[in-house]
Amino acid sequence: MSKRNWLMKSEPHEFSIDALAKVGKEPWSGVRNYQARNFMRDDMQPGDGVLFYHSNCAEPGVVGVAEIAGLARSDPTQFDPRSDYHDPGSKPDQPRWLLVDVGFKRKLKRTITLAELKAAPELADFALVQRGNRLSVLPVSPAQWKFILGLEKR
DNA sequence: GCCAACGTTGGC
DNA sequence: GCCAACGTTGGC
């Protein structure tokens with residue numbers, strides 16, 4: 001399978017780009033949306049590029065570049081009754097939820113804000129800027145990837 | 001299978 | 001904190 005690119009959202013007060021820089025690699029636990037899970041399970045490959053996005057904060061936007069560091073595997077938090085992500089309906093021999101490991105590549109020189117992304121005609125088809133989109137994991141085309149990172153130098 | 005109620009996401 | 005938009009749940 002050829003290399004693809006993704007955007008993954010994280011709330012910076014939960015897990016920021018600086019936190020990823022510090023640990024180097026993070027198991028992306030807690031995804032509880034089937035569409036996002038299917039992207040991880042069916043389409044993600046080690047080495048795929050990731051735009052790291054800060055959501056639910058003062059300045060939402062792309063703040064870093066990361067990469068997929070492993071194939072999808074069972075998310076252990078679904079079996080932990082003390083976890084916010086516990087899912088009593090999921091069976092260990094047939095886990096409902098998966099995670100991938102995400103590796104730090106670099107922090108951007110500046111935040112590429114959601115406002116900028118929304119203002120760019122080049123990104124009209126980008127899922128992130130479309131109305132009502134709440135997916136926390138979404139695909140980025142090669143053209144979108146190049147355009148978004150091109151904004152960093154402006 | 002329909003759909004109202006409810007919970008969550010996430011920008012503002 | 002507000003609320004629009006969306007996904008999920010569960011009664012029927």
Side-chain angles (χ1 to χ4, degrees), chain A residues 4-23 26-44 48-68 72-141 143-145 147-152 154:
Chain A
R4 298 187 63 173
N5 299 301
W6 308 93
L7 180 143
M8 297 174 85
K9 298 180 186 175
S10 185
E11 304 192 10
H13 59 94
E14 297 285 338
F15 189 74
S16 68
I17 187 67
D18 291 328
L20 182 63
K22 194 166 287 183
V23 296
E26 178 74 4
W28 207 260
S29 60
V31 173
R32 295 294 180 270
N33 170 282
Y34 287 105
Q35 204 178 340
R37 180 206 65 183
N38 293 348
F39 282 138
M40 295 196 292
R41 182 190 64 193
D42 301 332
D43 299 314
M44 281 186 179
D48 283 3
V50 175
L51 297 175
F52 195 104
Y53 178 91
H54 280 172
S55 68
N56 209 359
C57 57
E59 193 178 51
V62 177
V63 293
V65 178
E67 69 177 348
I68 301 302
R73 57 189 172 87
S74 176
D75 177 350
T77 63
Q78 69 196 301
F79 304 119
D80 179 359
R82 290 162 306 173
S83 169
D84 289 343
Y85 305 120
H86 181 227
D87 181 355
S90 184
K91 305 281 183 295
D93 58 335
Q94 205 171 0
R96 180 177 293 168
W97 304 113
L98 304 175
L99 61 74
V100 292
D101 292 295
V102 174
F104 178 77
K105 295 274 278 190
R106 67 184 184 90
K107 186 176 175 177
L108 298 191
K109 294 175 186 66
R110 66 180 191 89
T111 299
I112 299 168
T113 66
L114 176 61
E116 284 176 78
L117 301 179
K118 279 183 166 171
E122 291 87 345
L123 299 178
D125 292 334
F126 187 31
L128 182 77
V129 302
Q130 283 169 354
R131 211 171 86 111
N133 192 298
R134 304 186 326 188
L135 263 186
S136 63
V137 175
L138 46 101
V140 179
S141 76
Q144 289 162 350
W145 175 273
F147 179 81
I148 292 166
L149 289 178
L151 293 173
E152 185 182 8
R154 291 195 195 168

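Because the structure is a prediction, the values reported are computed rather than measured.
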A/Glu122: side-chain contact (heavy atoms from CB on, under 4.5 Å) partners, not counting sequence neighbours: A/Ala120, A/Phe147
Once ring-ring contact (aromatic ring centres under 6.0 Å, His included) is applied, do any residues pair with A/Tyr85, and if so which ones, sequence neighbours excluded? none
Reckon A/Lys118 has a side-chain N or O less than 4.0 Å from the OP1 or OP2 of B/dC12?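 For B/dC12, OP1 or OP2 has a side-chain N or O of A/Lys118 closer than 4.0 Å.
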Within residues 49-64 of chain A: residues closer than 4.0 Å to DNA chain C (heavy atoms): none
May I have all residue pairs that pass side-chain hydrogen bond (donor to acceptor under 3.5 Å, both in side chains) and include part of residues 128-139 of chain A, sequence neighbours excluded? none
So which pairs with a foot in residues 52-65 of chain A pass side-chain hydrogen bond (donor to acceptor under 3.5 Å, both in side chains), sequence neighbours left out? A/Glu11-A/Asn56
Please name the pair of heavy atoms, one in A/Lys109 and one in A/Glu152, separated by the smallest distance, quoted to 0.1 Å.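 It is N-OE2, 2.8 Å.
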Using the side chain to side chain donor-acceptor pair (under 3.5 Å) criterion, which residues pair with [X]? Sequence neighbours excluded.
X        : result
A/Lys107 : A/Asp18
A/Gln144 : A/Ser141
A/Thr77  : A/Arg32, A/Asp75

I'd like a list of close polar pairs between nucleotides 6-10 of chain C and the protein, N/O only, cut-off under 3.5 Å.
from, atom 1, to, atom 2, distance (Å)
C/dC6, OP1, A/Arg131, O, 3.1
C/dC6, O2, A/Arg134, NH1, 2.5
C/dC6, O2, A/Arg134, NH2, 3.0
C/dG7, O4', A/Arg134, NH2, 3.3

